[in-house]
A.B. asks: 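For reference, the structure I am asking about is given below.
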Amino acid sequence: MQETDFSYLNELNNVQRQAVETIDGPVMVIAGPGSGKTRVLTYRIAHLLKLGIAPWNILALTFTNKAAKEMKERIESKVGSDAYKVWMGTFHSIFARILRVEAHRIGYPNDFTIYDADDTKSLLKEIIKSMNLDIKTYNPATIRARISKAKSNLITPKAYAANEELLSYDRMQRVPMTHDIYQKYYDRCIRAGAMDFDDLLLQMFRLLYLNPDNIREKYQKLFRYVMVDEFQDTNHLQYEIVKLFVNFEDSPNNICIVGDDAQSIYSFRGATIENILQFQHDYPNVKIFKLEQNYRSTNYIVQAANQLILNNTKQIQKKIWTEQIGGSKIKIFKALTDREEGRKIIDLILEHKMRNHLKNSEIAILYRTNAQSRIFEEYLRRANIPYRIYGGMSFYQRKEIKDILAYMRLVVNPKDDEAFKRIVNYPKRGIGNKVMEQLLASAEKNNISLYESCFDAELTPRARKLINEFIRLIEGMRDKNKNGNAYETVSYIVKASKIADLLAVENTIESQSRLENINGLLNGVQEFVENDEFLGEEIIVNRDLPAYIQHISLLTDLDESDKETKDVITLMSVHLAKGLEFNSIFVVGLEENLFPSYLSMNDPDAIEEERRLFYVAITRAKQYLTLSYCNNRYQYGQIRSNDPSRFLEEIPEESLDTMSALLINPPKEFDKPKILGGLKPQKLKSSNFESKVDISNFKADNPNSLSTGMRVLHIKFGKGTILNIEGSSTNKVAKIKFDEIKDEEKRIVLRFAKLQIIDS
DNA sequence: GTAGTCACTATTTGA
DNA sequence: TAGTGACTAC
C-alpha cells in the first residue's frame with residue numbers, strides 16, 4: 001500500500017469529519033437534505049479502506065442501485081478498484097446474492113426466481129379463484145399489500161393465523177380468509193422455487209435466524225463494519241436482519257446508520273421512523289452527528305423547507321442552514337385547468353432556459369402521481385424540448401421483454417409457475433384454458449409444479465401432443481443453456497420461441513419497436529456476460545443466466561438513467577426524485593386531494609408523510625423553485641376541482657416571489673388570497689402565457705372545404721400544412737405535416753379531426 | 001380454442 | 001380515462 005495520505009479529510013466540514021473518523025462502535029448520522037450525506041458515507045468507507053480494513057469486511061446497504069453505484073464510483077476515485085470489492089448494494093440485491101449461495105439450506109433452490117408484483121398478483125388471483133372466493137372482495141393487489149406488510153413485520157403465515165388482532169381486522173374488512181390465502185401463497189412460492197421482494201428479506205432473516213451450519217457466524221465474521229443508508233426508510237424486518245449481523249457476543253457493534261427522519265416517505269411499504277428511535281434505544285452508547293449545513297440550495301429554499309417541516313409534530317429537532325444568501329425567490333403559478341398548467345409550465349421553462357441559460361438536464365418537473373406526466377409530455381413534445389419520463393413502464397416491464405424473460409426463467413427454474421403460465425401458450429400453440437385447468441389440477445394433486453405436471457398429467461391426445469412439443473422446446477433451450485453462455489442461450493430462446501418471427505411478420509411500427517427492444521435485451525445480456533464483477537473477496541466470475549435474471553429482476557427504471565447522458569428534461573414522481581438534485585425544479589399539481597393525496601386526508605400521520613414528501617420535493621432545487629396548481633383537473637374521466645394545497649400556505653412569505661402573482665390568472669379566480677401565504681390579489685395579465693393554440697378562439701372548419709396546400713390549425717398538433725387528401729367524401733384522410741411535430745407527417749381522418757383553416 | 005366486443009371499475013408512492 | 005374481465009360468436 002502507498003504512503004497513507006489522509007488529506008482528503010480536509011475536504012470535510014467539522015461534523016462530517018467526525019462522522020467519518022468515528023469508525024468504532026455504533027454511529028448515527030442525521031443528515032438534512034443537501035448536507036453531504038453521500039459524501040460522509042463514501043469518505044467513511046474510503047477511510048476504512050485507507051486504514052487497512054479489507055473491502056469485503058465492509059457491508060453498505062442502500063435503497064437504490066443508483067446510490068450504490070454512485071458511491072462505488074466515488075470511492076473508487078479515492079482508493080481505486082478495491083471499491084468494487086466492498087459489499088455494497090441494495091438490501092434486496094445483496095441478500096439475493098447471499099441467498100444464491102445459501103438458499104438450499106432453507107428449502108429453496110439456489111437458482112430460485114424472483115417474483116415481481118405482477119407474478120405475485122397473478123398467483124394470488126389463481127389461489128383466490130381456486131378457493132372459490134370472490135375476486136372483487138379479495139382484491140389481489142390489496143391482499144398482496146397485506147401479505148407484504150405481514151412479511152415486513154416478520155409475521156409468517158402460521159403467526160398470522162394465530163394473531164387474533166390481524167384475524168379480527170380481516171373479519172371486519174370482510175376478508176376472513178386472508179390468512180388462508182397467505183399460507184397457500186407462501187407454500188406455492190416454495191413449490192415454485194420463487195421468492196418475492198419481501199422474501200428476499202424474510203428468507204435472509206430465516207437463514208440467519210435458523211442458523212443452519214452456523215451460517216450466521218460466517219456473515220457476522222465477514223461483515224465487520226456495517227453501514228445503512230436512508231435508515232429512515234428501513235422496515236422492521238430490515239432492521240432485525242441488520243441486528244443479526246451486528247449483535248453477537250463481544251461484538252464491537254460497528255454499525256453506522258445514516259438518515260433523515262424528515263425525508264421518510266416510504267411508510268406505505270412498511271418503513272418506520274420508529275427504527276431511528278429504536279436504534280438509540282438498542283445502542284445506548286451511540287454517537288450522534290447532525291449534518292445541518294446545506295450545500296445545495298439557496299437560503300430562500302432552505303428557509304421554506306425549515307418552515308414547512310415545522311408543521312409536523314413528529315421529528316428530530318434540527319435546523320438546516322446555508323451560506324448561500326440571495327438568489328431567486330420561490331414562484332407559484334395558478335392555472336384554470338390541468339392542460340393550462342402543462343402549457344404554462346412549458347412556456348415558462350422555455351423562457352426560463354433563455355433567461356438563465358439553463359440546460360435541459362438542469363431542469364426537472366416533479367409530480368405526486370405518475371398519471372400527471374402525460375400533459376407535460378404532450379406540451380414538451382409540442383415545444384420540441386427533449387425529455388425523459390421515469391417511472392411508469394420500465395424497459396423490463398414491457399410485454400415482449402417479460403415474455404422472453406419468462407422463457408429464460410423457465411429454463412433456469414422449471415418450477416417457476418408464473419413464467420410457465422405466461423408462455424405456455426405464447427406464441428399461440430393451442431394450449432388454452434381447458435388444458436391449463438387439467439395441468440393445474442394435476443399439479444395441485446401431486447404438489448408439483450406445472451412444468452413437472454406436464455410429464456404425467458392425463459390429457460386428450462391432441463393436448464398431449466401439443467404439451468410434448470412445448471416440453472421439447474423448453475428442454476432444447478435448457479440443453480443450450482448447459483453448453484453455452486447466457487448470451488447464446490437468450491439468442492437461442494429468441495429464435496426457438498419464434499417470438500422474433502411473430503413480430504417480424506406483424507411488421508407494424510409497434511412490432512418493429514418490440515423487436516428493437518428484444519435486441520436491446522440481447523445487447524444487455526451480452527454486456528452483462530462480458531463484464532466481470534467484483535463482490536467480496538473474489539471476482540464473481542459467474543455471469544450466467546441465473547445471475548443475469550436476478551440482476552435485472554432488481555433493476556428499476558432509475559438505474560437505466562445514465563446510459564444515455566443526453567441533455568433532456570427530467571419528469572418523475574417526487575418519490576423517485578429523492579436523493580437527486582436539479583438546478584431548477586417545478587413541483588406541479590399542488591392541490592388538496594392530489595398533493596396531499598386524497599387517501600391521506602383523514603389521517604394526520606399520513607398528512608405528515610405527504611408534507612415530508614413535499615419537503616423532499618422542494619429541497620431537490622439548487623437555485624430555482626417553481627410551484628403550480630390548478631382549479632380543475634381531469635381525473636378518471638371527469639373534471640374535478642380542488643382547493644390549492646395546504647402546503648402552499650406553509651411556505652413563508654419571505655421566500656415567495658410576489659411578482660409571480662402577475663402571472664397568475666385574473667382576480668376573479670383568485671378568490672382565496674390567504675392560500676398564498678399572504679399574497680394579495682393584484683391586477684393580472686395572462687397574455688404572456690397564451691398557448692400556440694388558443695382553445696377559446698378555435699373554430700373548426702368544414703372538412704369539405706379543406707384542400708391540398710392549405711395551412712391549418714389542429715387543436716392538438718398546432719399549425720401545419722396539408723400535403724394531400726385522399727379517400728371518398730365520408731372517409732377523407734389528409735396527410736399533414738405539422739410545424740412542431742418532428743419527423744413524420746400525420747394522417748388525419750377528417751371525419752374526426754377538428755381543423756381550422758388559417759391560410760388558404 | 002380464439003378473437004372480438006362490451007361493460008365495468010379502480011383509481012399513490014416502489015424494491 | 002384506461003385497463004381488465006366476462007361474454008359471445010365463430
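Here is how names work: the chains are called A, B, and so on, in the same order as the sequence lines, proteins then strands, and each is numbered from 1. Here the structure is a predicted model, which is why all the values come from computation and not from measurement.
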A.B. asks: Would you say the side chains of A:E230 and A:Q232 form a donor-acceptor pair under 3.5 Å?
C.D. replies: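 Yes, a side-chain donor-acceptor pair sits under 3.5 Å.
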A.B. asks: Using a cut-off of 4.0 Å on non-hydrogen atoms, how would the nucleic acid contact of A:V435 be classed: base, sugar-phosphate, or nothing?
C.D. replies: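 Sugar-phosphate contact only - A:V435 comes under 4.0 Å of backbone atoms but never of a base.
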A.B. asks: For a quick check of understanding: with a heavy-atom distance under 4.0 Å over all strands, which category does A:L599 fall into, base, sugar-phosphate or nothing?
C.D. replies: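 Base contact.
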A.B. asks: Whole Å only: how far is the CD1 atom of A:I639 from the P atom of B:dT11?
C.D. replies: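 It works out to 22 Å between those atoms.
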A.B. asks: Starting the side chain at C-beta, find the nucleotide from B:dG1, B:dT12, B:dA15 nearest to A:H92.
C.D. replies: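 It is B:dA15.
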A.B. asks: Under 4.0 Å, counting only non-hydrogen atoms across every strand here, what does A:R640 touch: a base, just sugar-phosphate, or nothing?
C.D. replies: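 Touches nothing.
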A.B. asks: Write down the distance between OH (A:Y598) and C1' (B:dA10), rounded to a whole number of angstrom.
C.D. replies: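 That distance rounds to 8 Å.
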A.B. asks: Does this structure show an ion pair linking A:R422 with A:D119, if we count only N-O contacts that are shorter than 4.0 Å?
C.D. replies: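 The answer is no: the pair does not qualify as a salt bridge.
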A.B. asks: Heavy atoms under 4.0 Å, any strand shown: does A:L576 hit a base, just sugar-phosphate, or nothing?
C.D. replies: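 The residue A:L576 makes sugar-phosphate contact but no base contact.
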A.B. asks: Does the side chain of A:K125 get closer than 4.0 angstrom to OP1 or OP2 of C:dG5 through an N or O atom?
C.D. replies: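 So the side-chain polar atoms of A:K125 do come within 4.0 Å of the phosphate oxygens OP1 or OP2 of C:dG5, strictly under.
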A.B. asks: Do we see a donor-acceptor contact under 3.5 Å between the side chains of A:S93 and A:T90?
C.D. replies: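 Yes, side-chain donor-acceptor contact under 3.5 Å.
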A.B. asks: Stepwise, does the side chain to side chain contact (heavy atoms under 4.5 Å, CB included) test hold for A:D196 with A:D199?
C.D. replies: CA-CA 5 Å; A:D196 63 21; A:D199 278 327; 3.3 Å; yes
A.B. asks: Does A:N370 place a side-chain N or O at less than 4.0 Å from the phosphate oxygens OP1/OP2 of B:dT13?
C.D. replies: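 So the side chain of A:N370 is within the cut-off, an N or O lying under 4.0 Å from OP1 or OP2 of B:dT13.
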A.B. asks: Check the phosphate of B:dT2 against A:N433, side-chain N and O only, distance under 4.0 Å to OP1 or OP2. Yes or no?
C.D. replies: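 False: A:N433 side-chain N/O out of range (4.0 Å or more) of B:dT2 OP1/OP2.
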A.B. asks: Identify, between A:K434 and A:A117, the residue whose nearest nucleotide on DNA chain B lies closer to the 5' end.
C.D. replies: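 Per heavy-atom nearest nucleotide, the more 5' residue is A:K434.
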A.B. asks: Mind checking the C1' distance from B:dT12 to C:dG5? Whole angstroms is fine.
C.D. replies: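 The answer is 24 Å between these two C1' atoms.
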A.B. asks: Any base atoms under 4.0 Å from A:Y634, or only sugar-phosphate, or nothing? Heavy atoms, all strands.
C.D. replies: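 Nothing, no nucleic acid heavy atom in range.
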A.B. asks: Is the shortest side-chain N/O distance from A:S93 to OP1 or OP2 of B:dA15 below 4.0 Å?
C.D. replies: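 Answer no for this pair, as no side-chain N or O of A:S93 is under 4.0 Å from OP1 or OP2.
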A.B. asks: On DNA chain B, nearest-nucleotide positions of A:G430 versus A:S597: which is more 5'?
C.D. replies: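 The residue closer to the strand's 5' end, by nearest nucleotide, is A:G430.
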A.B. asks: Hey, does A:R429 reach any base, or is it just sugar-phosphate, or nothing, if we go heavy atoms under 4.0 Å?
C.D. replies: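 No contact.
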A.B. asks: So, do A:Y379 and A:Y387 have ring centers that fall under 6.0 Å from each other?
C.D. replies: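 No, ring centres 6.0 Å or more apart.
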A.B. asks: Quick one: which of B:dT13, B:dA15, C:dA2 gets closest to the side chain of A:T369?
C.D. replies: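 Nucleotide nearest to A:T369's side chain: B:dT13.
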A.B. asks: So what does A:N65 hit on the nucleic acid, given a heavy-atom distance under 4.0 Å: a base, only sugar-phosphate, or nothing?
C.D. replies: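 Nothing, no heavy atom under 4.0 Å.
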A.B. asks: In whole angstroms, how far is the C1' atom of C:dA2 from the CD1 atom of A:I375?
C.D. replies: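 Distance, rounded to whole Å: 15 Å.
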A.B. asks: Could you tell me how far apart A:Q397 (CD) and C:dG3 (P) are, to the nearest whole angstrom?
C.D. replies: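 Taking atom P of C:dG3 as the reference, CD of A:Q397 is at 13 Å.
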A.B. asks: Quick one: do A:D417 and A:K421 make a salt bridge, cutoff under 4.0 Å?
C.D. replies: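 No, this pair does not count.
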A.B. asks: Starting at CG of A:D233 and ending at P of B:dT13, how long is that distance when rounded to a whole Å?
C.D. replies: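 Going from A:D233 (CG) to B:dT13 (P), I get 17 Å.
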A.B. asks: Any base atoms under 4.0 Å from A:R462, or only sugar-phosphate, or nothing? Heavy atoms, all strands.
C.D. replies: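 Sugar-phosphate, no base atom in range.
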A.B. asks: Of the nucleotides B:dT12, B:dA15, B:dG14, which has the atom closest to the A:R368 side chain?
C.D. replies: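 From the listed options, B:dT12 comes nearest.
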A.B. asks: Can you identify which nucleotide, out of C:dA6, C:dT1, B:dG14, has its nearest atom closest to the A:K129 side chain?
C.D. replies: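 Selected nucleotide: C:dA6.
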A.B. asks: Whole angstrom is fine here: how far is it from OH in A:Y266 over to C1' in B:dT12?
C.D. replies: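 After rounding, the gap between these two atoms is 12 Å.
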A.B. asks: B:dG14 C1' sits how many Å from A:F91 CZ, rounded?
C.D. replies: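 So the CZ-C1' distance, A:F91 to B:dG14, works out to 15 Å.
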A.B. asks: Check whether any side-chain nitrogen or oxygen of A:N139 sits under 4.0 Å from OP1 or OP2 of B:dT9, and answer yes or no.
C.D. replies: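 Answer is no, no contact under 4.0 Å.
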A.B. asks: Under 6.0 Å between ring centres, would you say that holds for A:Y239 and A:F231?
C.D. replies: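 Ring centres of A:F231 and A:Y239 closer than 6.0 Å.
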A.B. asks: Just call it for A:D196: base, sugar-phosphate, or nothing, with non-hydrogen atoms closer than 4.0 Å on any strand.
C.D. replies: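 Contact class for A:D196: none.
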A.B. asks: For A:K136 and B:dA10, give me the distance from atom NZ to atom P, rounded to whole Å.
C.D. replies: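 The distance from NZ of A:K136 to P of B:dA10 comes to 8 Å, rounded to the nearest Å.
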